[in-house]
Chemist: 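This is the structure, below, for whatever I ask next.
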Protein chains: 2
Amino acid sequence: MISPDRGGLRTGEVAEQAGVNVQTLRYYERRGLLTEPARSNGGHRLYPPDTVALLNVIKAAQRLGFTLDEVAELLDTGRRRHPAPDLRQRAVEKIAEIDQRIADLTTIRGALTEVVDARCDSLTNCTCADCPIPFLTIGRPDGEPT
Amino acid sequence: MISPDRGGLRTGEVAEQAGVNVQTLRYYERRGLLTEPARSNGGHRLYPPDTVALLNVIKAAQRLGFTLDEVAELLDTGRRRHPAPDLRQRAVEKIAEIDQRIADLTTIRGALTEVVDARCDSLTNCTCADCPIPFLTIGRPDGEPT
DNA sequence: GGTAAGCCTGTACCTGGGTACCGGATGCAA
DNA sequence: TTGCATCCGGTACCCAGGTACAGGCTTACC
C-alpha cells in the first residue's frame, strides 16, 4: 500500500496521520502555525511529509500549556534562527504560571474542604453552625463585607 | 440620602451594590440564576433587597469553581427545599475535580522542568543532548510514537 | 467518461461568562 | 413640562480552540 507520489501529502492524509481534524489544518494555517503549503494544479494542498511531525510538536506544546499564539511565535523564532534562548525563557515563565494556578486551586480546595467539613447544606440558607459560606473571601477583588 | 421606596431596587442600584455589570443581571436572569423580578408600571425591573446578597453568594460559588449552571442548580434545589445533601455532595465532587487538575498541572510542570534542565533551544530543531521534546507523551490520547 | 470520494472557499456555530450597542420608552426632579 | 439619567428588549461581539455546513470543483479509479 505505497501511496502514489504526488509531490506531497493531501489534507486528509496529514489529518489522519496526525490525529487531527481536516478543518484544524486550515485553522492552523490561518493562525500562522502552518505555512501555506504547495498546491496541485487544481488547487488542492500538498503538504511536505514532515508536517505530521510538526503537528505532533504543536500538540506536545499545547499539552505543555502553551497557547496557539505562543506556539506560533516559538515556531516562528525557530524558523528565523534567532539566537533563541526563547524556548527556555518561555518554559520558565510557564512554570511560574503553572505554580500560580496550582496555588489558586489549592486555596479553593481549602475553602471547599471547609464547606464540606462544616456540613453546609445550602448556598443561601445554610443551617450549619459557623457556616463558612458568607466568609468566603477567596480572590475577592475588594475587601468589602458580604 | 435615603432612596425612595418604590417597592424594590432598580437594576442600576443592584448592579452597583453587588459590583456587577447591569447587563450581567439580565444575563443571570436568562440563565436562571435570578428569578424574574417584579416590574414597575412602565416595565422596569424592581428587585427584592436580598438580591444583592444573593449575587454575593453567586460570586462566592464561582470563586469556588462552580460553573453558572452548577450554581443555578444548587440555588434551585435550595429553593425547592430538597432534602439536599446536594451542596456537600457537589463540593466533594469539586474537590476531586480540583485534585485532578492539580495532578495534571504537576505533570506538565515536570515536563517543562525537563525542557528547561535539558537546555532545549527549539521546538522543532532542538540541538540539546537527550532532548525530551520528542518524547513528551503527557496526556497523549494514544501511545503512538512521535 | 462516469462516478464517488475528497478537497476547495467562505461562513456560521459551539462552549462559558459575560460585554457593548441600538433605538426607543420610563422615571424622576426642577 | 421639560430634560436628562436610566432602563427596556434584541442583537452582536469578545476570548480560545476549534467544528460544521453549503455549494461547487478536483482527483482517482474502473
Side-chain angles (χ1 to χ4, degrees), chain A residues 1-34 36-47 51 55 58-73 75 94 97 101 139 141, chain B residues 1-34 36-47 51 55 58-73 75 94 97 101 139 141:
Chain A
M1 279 299 195
I2 294 179
S3 54
D5 185 2
R6 336 176 181 75
L9 298 166
R10 307 183 59 176
T11 51
E13 293 169 330
V14 172
E16 193 191 355
Q17 287 177 41
V20 152
N21 196 307
V22 176
Q23 322 279 47
T24 305
L25 293 181
R26 295 200 277 120
Y27 178 64
Y28 283 1
E29 196 177 313
R30 282 208 301 284
R31 293 288 300 259
L33 288 137
L34 299 179
E36 295 191 17
R39 299 284 184 136
S40 72
N41 290 338
H44 287 198
R45 286 173 181 80
L46 294 174
Y47 289 97
T51 305
L55 284 166
I58 291 171
K59 288 195 287 179
Q62 278 190 288
R63 283 192 293 268
L64 288 176
F66 291 98
T67 67
L68 288 187
D69 275 349
E70 288 168 335
V71 177
E73 209 183 316
L75 290 174
K94 269 297 158 198
E97 273 177 41
R101 274 199 277 172
Chain B
M1 280 301 199
I2 294 177
S3 55
D5 185 3
R6 342 174 178 75
L9 298 166
R10 309 182 59 175
T11 51
E13 292 169 331
V14 171
E16 193 192 355
Q17 287 178 41
V20 153
N21 196 307
V22 176
Q23 323 279 47
T24 305
L25 293 181
R26 294 201 275 127
Y27 177 65
Y28 282 1
E29 196 176 311
R30 283 207 301 285
R31 293 287 301 259
L33 288 137
L34 298 179
E36 295 191 18
R39 300 283 184 137
S40 72
N41 289 337
H44 287 198
R45 287 174 182 79
L46 293 173
Y47 290 98
T51 304
L55 284 166
I58 292 171
K59 288 195 288 179
Q62 278 191 290
R63 282 192 293 268
L64 287 176
F66 291 98
T67 67
L68 288 187
D69 274 351
E70 288 167 336
V71 178
E73 209 183 316
L75 290 175
K94 268 299 157 198
E97 274 177 41
R101 283 215 296 248

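Worth saying up front: this structure is predicted, and the values here are computed from it rather than measured. Note on naming: letters A, B, ... go to the chains in the order of the sequence lines (proteins, then strands), and numbering restarts at 1 for each one.
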Chemist: Quick one: pull up CZ in A:R45 and CZ in A:R10 and give me the separation to the nearest 0.5 Å.
Modeler: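 Taking CZ in A:R45 and CZ in A:R10, the distance rounds to 12.0 Å.
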Chemist: Looking at CG of B:L55 and CG of B:L33, how far apart are the two atoms once the value is rounded to the nearest 0.5 Å?
Modeler: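 Output value for this atom pair is 9.0 Å.
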Chemist: Between A:Y28 and D:dG17, does any side-chain N or O lie under 4.0 Å from OP1 or OP2?
Modeler: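 No, because none of the side-chain N or O atoms of A:Y28 sits under 4.0 Å from OP1 or OP2 of D:dG17.
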Chemist: Grab the CG-P distance between B:L55 and C:dG18 for me, whole Å please.
Modeler: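 B:L55 atom CG is separated from C:dG18 atom P by 11 Å.
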Chemist: Provide a list of protein-nucleic acid N or O atom pairs under 3.5 angstrom, restricted to nucleotides 4-7 of chain C.
Modeler:
unit_1: C:dC7; atom_1: OP1; unit_2: A:G12; atom_2: N; d: 2.9
unit_1: C:dC7; atom_1: O5'; unit_2: A:T11; atom_2: OG1; d: 3.2

Chemist: Tell me: CG of A:N41 to P of D:dT27, nearest whole Å?
Modeler: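 The answer, rounded to whole Å, is 7 Å.
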Chemist: The criterion is side chain to side chain donor-acceptor pair (under 3.5 Å); which residues satisfy it with A:R31, sequence neighbours excluded?
Modeler: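 Side chain to side chain donor-acceptor pair (under 3.5 Å) list for A:R31, sorted by chain: A:Y27, A:D69.
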Chemist: Quickly work out the B:L25 CG to C:dT19 C1' distance and round it to whole Å.
Modeler: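 Rounded to the whole Å, the gap is 13 Å.
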Chemist: Nearest 0.5 Å please: distance from the CD atom of B:E70 over to the CD atom of B:E73.
Modeler: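 Rounded to the nearest 0.5 Å, the CD-CD separation comes out at 8.0 Å.
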Chemist: Counting only heavy atoms from other residues, nucleotides and ligands, does the tally under 6.0 Å from CD of B:E29 exceed 12?
Modeler: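 Yes, CD of B:E29 has more than 12 neighbouring heavy atoms, counting only those of other groups under 6.0 Å.
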Chemist: Checking contacts here: which listed nucleotide (C:dG17, D:dG17, C:dT26) is nearest the side-chain heavy atoms of B:S40?
Modeler: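 So the side chain of B:S40 is nearest to C:dT26.
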Chemist: Taking atom P of D:dG18 as reference, at what distance in whole Å does atom CD of A:E29 sit?
Modeler: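 Between P of D:dG18 and CD of A:E29: 15 Å.
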Chemist: Do any side-chain nitrogens or oxygens of A:T24 fall under 4.0 Å of OP1 or OP2 in D:dG17?
Modeler: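 It does not, given that no N or O in the side chain of A:T24 lies less than 4.0 Å from OP1 or OP2 of D:dG17.
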Chemist: I'd like a table of atom pairs between the protein and nucleotides 10-14 of chain C - only N or O on both sides, under 3.5 Å - with the distance next to each one.
Modeler:
none

Chemist: Would a distance-only check, ignoring hydrogens and angles, find a side-chain to backbone donor-acceptor pair under 3.5 Å from A:K94 to A:L64?
Modeler: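 Side chain of A:K94 to backbone of A:L64, a donor-acceptor pair under 3.5 Å: no, none is there.
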Chemist: Distance check needed: C:dG16 C1' versus B:F66 CZ, whole Å only.
Modeler: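 Distance check: B:F66 CZ to C:dG16 C1' gives 17 Å.
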Chemist: Using heavy-atom distances to pick each residue's nearest nucleotide on DNA chain D, tell me which of A:G42 and A:Y27 is more 5'.
Modeler: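 Closer to the 5' end of DNA chain D: A:Y27.
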Chemist: Nearest 0.5 Å, please: how far is CG in B:L75 from OH in B:Y28?
Modeler: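 Going from OH on B:Y28 over to CG on B:L75, the span is 11.0 Å.
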Chemist: How long is the straight-line distance from CG of B:N21 back to OG1 of B:T11, given to the nearest 0.5 Å?
Modeler: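 If I round to the nearest 0.5 Å, the distance is 10.5 Å.
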Chemist: Quick one: is D:dG18 close enough that its OP1 or OP2 comes under 4.0 Å of any side-chain N or O from A:N21?
Modeler: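 Checking D:dG18 against A:N21, no side-chain N or O comes under 4.0 Å of OP1 or OP2.
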Chemist: Rounding to an integer number of Å, can you tell me how far B:R39 CZ sits from D:dC7 C1'?
Modeler: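 After rounding, the gap between these two atoms is 10 Å.
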Chemist: Between OH of A:Y47 and CG of A:L34, what distance do you get to the nearest 0.5 Å?
Modeler: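 Nearest 0.5 Å value for the OH-CG distance: 6.0 Å.
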Chemist: Side-chain N or O of B:Q62 less than 4.0 angstrom from OP1 or OP2 on C:dG18?
Modeler: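 Checking C:dG18 against B:Q62, a side-chain N or O does come within under 4.0 Å of OP1 or OP2.
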Chemist: Please report the distance, rounded to the nearest Å, between CZ in A:R31 and C1' in D:dC15.
Modeler: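 The answer, rounded to whole Å, is 10 Å.
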Chemist: If I take atom CG in residue B:L68 and atom P in nucleotide C:dT19, what distance separates them, rounded to the nearest angstrom?
Modeler: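 Value for this atom pair: 11 Å.
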